[in-house]
Chemist: 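So that we are looking at the same thing, I have put the structure below in structure tokens.
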Amino acid sequence: MARLAPTIDTLSSIGEGGARNFLHPADVGGRFTRLRRVIFAVLIAVLVVMPFITINGHPGILLDIGHRSFHIVGATFGPTQGYLLFFLITGTGFALVVASALWGRVWCGYACPQTVFLEGVYRRIERLFEGDRSGQLKLNQSPWDGNKIARRGGKWLVFLALSAFLAHLLLCYFVPPASLWQMMGKGPKADPEVFAWAAALTGAIFFNFAWFREQFCIILCPYGRLQSVLSDDDTVVVGYDAVRGEPRGKAGTSTGDCVDCLRCINVCPTGIDIRQGMQLECVGCANCIDACDEVMLKLKRPTGLVRYDSEHGLRHQPKRFLRPRVYIYAVLGVLGLVALTATSRSRPDLPINLLRQPGMPYVLDEGQIRNGFMLRTNNKFDSEQTYEVEIKAHNPKATVTLPENKWRIPVGEQSVLPFFVVLPREGFTGRFDVEVEIESKGGAEVKLHVPFLGPD
């Protein structure tokens with residue numbers, strides 16, 4: 001299948017007639033490549049470790065949908081605390097928006113899981129089996145002999161095993177690892193739903209990284225379209241200095257610095273020509289920067305023909321880094337994170353309310369004054385809670401009727417514990433305090449107060 005030369009309107013991944021052309025980016029070295037590999041290693045380590053480490057008695061991250069509890073880096077959120085997750089997500093989202101306004105698709109190039117695993121793991125495995133770009137292209141054209149079957153088959157087997165591992169690792173974010181391990185030991189029949197999820201995720205991951213690849217970034221991911229809204233001519237992106245590079249020509253001629261070697265195209269994971277200008281398909285990986293710098297050094301010309309710069313900078317015009325939209329995005333992001341912090345810290349250790357029972361504030365019956373109260377709570381923790389309840393009426397003639405002093409609340413359930421305080425009519429000389437002391441098994445305590453009412 002003949003490959004079309006990429007332009008502002010076409011991609012290297014599109015062949016004649018619109019058929020898919022598989023890309024085989026050439027390997028590249030350089031300062032940005034080394035930086036990305038370090039970042040990839042750190043992110044993969046964090047992803048692998050986070051479900052298995054313990055913070056405040058819970059996994060680093062566990063979204064336990066079955067028990068309606070969510071543990072995120074030491075913080076626990078119950079089923080009725082979705083508003084806290086809203087602040088967390090919006091605060092994080094605006095942080096990404098700020099980064100995009102300043103540095104374009106830096107997330108895509110350095111931290112997106114699609115890039116981290118495709119470029120940091122799967123392509124490296126592919127190169128071990130099939131060689132660099134020239135070896136892969138040669139293998140594509142060769143017949144299906146023993147050598148090709150062994151190389152392709154070995155690569156796919158490793159891809160499949162790695163995809164299965166990643167699928168089960170992803171499940172560990174939703175099912176406690178110990179429980180998942182037990183399910184795996186029992187076999188598919190014991191937990192068919194979990195097995196189906198594991199199989200589906202394995203297939204989806206294998207399909208994505210073995211075949212779909214850059215098409216996910218180009219076709220499915222909405223972030224590239226969002227970038228066009230977030231960026232402007234002062235956003236720092238990967239770009240080509242046309243003022244310095246044009247007109248193109250071979251080395252030794254009196255032309256611009258670009259020698260049209262196509263090295264920037266051959267290393268691009270999405271198959272674009274960065275010299276055509278800023279494009280939605282550019283993921284900001286900086287492969288073309290390292291490749292071009294390598295060529296410039298060999299030609300003893302200044303590096304930076306392709307570089308991180310703003311559109312103004314690439315046109316050698318005045319530029320600015322901080323601007324009003326960045327401040328607005330930053331303020332919105334900080335507000336979200338501040339709201340999350342303030343709301344989280346304001347949560348009581350024991351979220352219990354002391355309320356007066358609906359109806360009359362008090363009842364006068366056969367010479368006795370009766371006040372009805374109730375304790376109400378919602379168990380937002382991930383285990384059953386048991387509270388010791390003690391009620392003190394600060395009047396020696398008052399009596400307390402409490403169904404039980406041990407209050408048990410199942411996980412995720414709302415519970416109400418009613419009680420009554422009764423006082424002889426002649427013993428009421430005015431309002432007095434009713435004090436409720438509640439203590440959990442973990443030692444957390446709360447004291448609540450309510451006045452006893454009667455006729456004036």
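Hydrogens, waters and symmetry mates play no part in the numbers below; they use all other heavy atoms, side chains included.
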Chemist: Keeping to residues at least two apart or across chains, list the ring pair (Phe, Tyr, Trp, His ring centres under 6.0 Å) pairs with something in residues 263-314.
Modeler: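 Residue pairs passing ring pair (Phe, Tyr, Trp, His ring centres under 6.0 Å), neighbours aside: F32-Y308.
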Chemist: Using a 3.5 Å distance criterion without hydrogens, assess whether the side chain of N266 forms a donor-acceptor pair with backbone atoms of A26.
Modeler: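 Not a single qualifying donor-acceptor pair exists.
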Chemist: Would you say T235 and R105 are linked by a side-chain donor-acceptor pair, where the criterion is simply a distance under 3.5 Å?
Modeler: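 R105 vs T235: no donor-acceptor pair found between side chains.
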Chemist: Ignoring hydrogens and geometry, is there a side-chain-to-backbone donor-acceptor pair from D241 to V243 under 3.5 Å?
Modeler: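 Indeed, once roles are kept as given, a pair shorter than 3.5 Å links the two residues.
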Chemist: Got a sec, which pairs hit salt bridge (charged side-chain N to carboxylate O under 4.0 Å, His left out) with one end in residues 272-289, sequence neighbours left out?
Modeler: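 Every pair satisfying salt bridge (charged side-chain N to carboxylate O under 4.0 Å, His left out) with a residue in residues 272-289: D260-R275, D273-R275.
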Chemist: Checking D290 side chain against V28 main chain: does a donor-acceptor pair fall under 3.5 Å?
Modeler: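 Not at all, since once roles are kept as given, no pair shorter than 3.5 Å links the two residues.
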Chemist: Looking at R244, is its backbone amide N or carbonyl O close enough to the side chain of D257 to form a donor-acceptor pair, meaning the two atoms are under 3.5 Å apart?
Modeler: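 Not confirmed, D257 side chain does not pair with R244 backbone.
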Chemist: Check this for me: does any side-chain nitrogen of one of R36 and E119 sit under 4.0 Å from a carboxylate oxygen of the other?
Modeler: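 No, R36 and E119 are not salt-bridged.
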Chemist: Kindly indicate whether the side chain of R127, heavy atoms from C-beta on, has any atom under 4.5 Å from the side chain of Q136.
Modeler: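 Touching, per the 4.5 Å side-chain cut-off.
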Chemist: Look only at the side chain of Y329 and the backbone of A99, and say whether a donor-acceptor pair between them is shorter than 3.5 Å.
Modeler: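 No, the answer is negative, given that no donor and acceptor are paired below the 3.5 Å cut-off.
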Chemist: Do Y122 and F117 make the cut of ring centroids closer than 6.0 angstrom?
Modeler: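 Judged by ring-centre distance (under 6.0 Å), Y122 and F117 do not meet the cut-off.
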Chemist: Please name all residues satisfying ring pair (Phe, Tyr, Trp, His ring centres under 6.0 Å) with W181, sequence neighbours left out, ordered by chain then number.
Modeler: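 With sequence neighbours excluded, W181 shows a ring pair (Phe, Tyr, Trp, His ring centres under 6.0 Å) to no residue whatsoever.
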Chemist: Listing request: all salt bridge (charged side-chain N to carboxylate O under 4.0 Å, His left out) pairs with a residue in residues 187-215, at least two apart in sequence or in separate chains.
Modeler: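 Residue pairs with at least one partner in residues 187-215: R20-E214, E126-R213.
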Chemist: Drop me the distance from S231's OG to R325's CZ, to the nearest 0.5 angstrom.
Modeler: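 If we round to the nearest 0.5 Å, S231:OG and R325:CZ are 7.5 Å apart.
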Chemist: If you count heavy atoms of other groups shown closer than 6.0 angstrom to OH of Y173, is the number above 12?
Modeler: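 It does: Y173 OH has more than 12 such atoms within range.
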Chemist: Could you work out, with salt bridge (Lys or Arg N to Asp or Glu O under 4.0 Å) as the rule, every residue matching R31, not counting sequence neighbours?
Modeler: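 Residues passing salt bridge (Lys or Arg N to Asp or Glu O under 4.0 Å) with R31: D293.
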Chemist: Can you run down the side-chain hydrogen bond (donor to acceptor under 3.5 Å, both in side chains) pairs that involve residues 137-154, sequence neighbours left out, and say none if there aren't any?
Modeler: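 Qualifying pairs: H24-N140, E130-R152, N140-R152, N147-R151.
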Chemist: May I ask you to check whether W211 and F216 place their ring centers less than 6.0 Å from one another?
Modeler: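 Not close enough - the centres of the two rings lie 6.0 Å or further apart.
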